[in-house]
Amino acid sequence: MQRPIMEEKYNNSTQQRPEGARPLDAAIIPIDVPKYINQLKHEEAYDRNGKNAITVFKSERITVTLIVLKKGQDFHPGKNEDTAIMSVQLISGELTFESLGTLTHLKDGELLMLHQQLSFKATAILESSCLLTLFK
């Protein structure tokens with residue numbers, strides 16, 4: 001039995017990332033996480049803001065974003081993220097994760113799951129990189 005052909009989706013070029021044509025949704029997408037971490041740390045946004053991010057996969061139901069943070073920087077859910085179940089997988093560094101009045105410490109390789117409609121704030125205790133996955 002042959003499966004229907006999936007429509008592949010690609011990002012658009014931006015001033016920050018002019019190369020464009022990076023696949024965001026396809027049947028198979030290999031993601032070179034160390035390469036993207038290095039790229040993010042060398043972009044102007046990381047120096048200017050102390051953090052940077054790139055979406056490495058995006059479908060109708062799942063979005064995966066790689067985030068890099070300098071020590072002391074934080075991130076929190078965006079406008080549309082509070083309706084999704086989320087996971088934060090810390091690749092390297094150390095984060096504090098605050099939600100519902102509870103403070104959780106994440107270290108290298110640890111994973112945290114969060115149900116929808118819960119706000120949070122994650123702060124880098126050390127320079128950190130993590131994958132934020134949203135499940136709609």
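Values below: every heavy atom of this structure, side chains too, minus hydrogens, waters and symmetry copies.
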Full working for side-chain contact (heavy atoms from CB on, under 4.5 Å) between I125 and L95
CA-CA 5 Å; I125 303 305; L95 291 176; 5.9 Å; no
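In this structure, K107 has no salt bridge (Lys or Arg N to Asp or Glu O under 4.0 Å) partners at least two apart in sequence or on a different chain. By the side-chain hydrogen bond (donor to acceptor under 3.5 Å, both in side chains) test, K121 pairs with no residue at all, sequence neighbours left out. The salt bridge (Lys or Arg N to Asp or Glu O under 4.0 Å) search around D47 returns K70, not counting sequence neighbours. With sequence neighbours excluded, the residues forming a salt bridge (Lys or Arg N to Asp or Glu O under 4.0 Å) with E127 are K41, listed by chain and number. Scored by the side-chain contact (heavy atoms from CB on, under 4.5 Å) test, L103 finds T96, E98, H105 as partners (sequence neighbours excluded). A search for ring-ring contact (aromatic ring centres under 6.0 Å, His included) contacts involving Y46 returns nothing, not counting sequence neighbours.
For the atom pair CE of M113 and CZ of F135, the computed distance is 5.0 Å after rounding to the nearest 0.5 Å. Between atom OG of residue S59 and atom CD1 of residue I29 there is a gap of 9.0 Å, rounded to the nearest 0.5 Å. Taking CE of M86 as the reference point, atom CG of L114 lies at 5.0 Å (rounded to 0.5 Å). D108 contributes atom CG, which lies 10.0 Å from atom CD1 of I91 (distance to the nearest 0.5 angstrom). Taking CG of L40 as the start and CG of L69 as the end, the distance is 10.5 Å to the nearest 0.5 Å. To the nearest 0.5 angstrom, L100 atom CG is 7.0 Å from S119 atom OG.
Nearest heavy atoms, S129 versus I37: OG-CD1, 3.5 Å. Smallest separation of non-hydrogen atoms from T123 and G72: CG2-O, 4.0 Å. In plain terms, the two heavy atoms of T65 and T55 that are nearest each other are OG1-OG1, 3.6 Å.
Classified by interplanar angle (parallel below 30°, tilted 30° to 60°, perpendicular above 60°), the ring pair F97/F120 is parallel.
The closest side-chain heavy-atom distance from T133 to I85 is not below 4.5 Å. Residues T104 and L112 form a side-chain contact, since some pair of their non-hydrogen atoms from C-beta on lies under 4.5 Å apart. Considering only heavy atoms from C-beta on, K35 stays 4.5 Å or farther from N38 through its side chain. Under the 4.5 Å side-chain criterion, counting only non-hydrogen atoms from C-beta, S87 is in contact with L111. Side-chain contact between L131 and V88: absent, with no pair of heavy atoms (C-beta onward) separated by less than 4.5 Å. The shortest side-chain heavy-atom distance between K51 and D74 falls under the 4.5 Å cut-off. The shortest side-chain heavy-atom distance between F57 and T63 does not fall under the 4.5 Å cut-off.
Under a 3.5 Å cut-off, the side chain of N52 and the backbone N or O of V68 do not form any donor-acceptor pair. The backbone N or O of E94 sits less than 3.5 Å from a side-chain atom of S128, completing a donor-acceptor pair.
Residues I62 and Y36 share a hydrophobic cluster, clusters being chains of Ile/Leu/Val/Met/Phe/Trp/Tyr side chains in contact below 4.5 Å.
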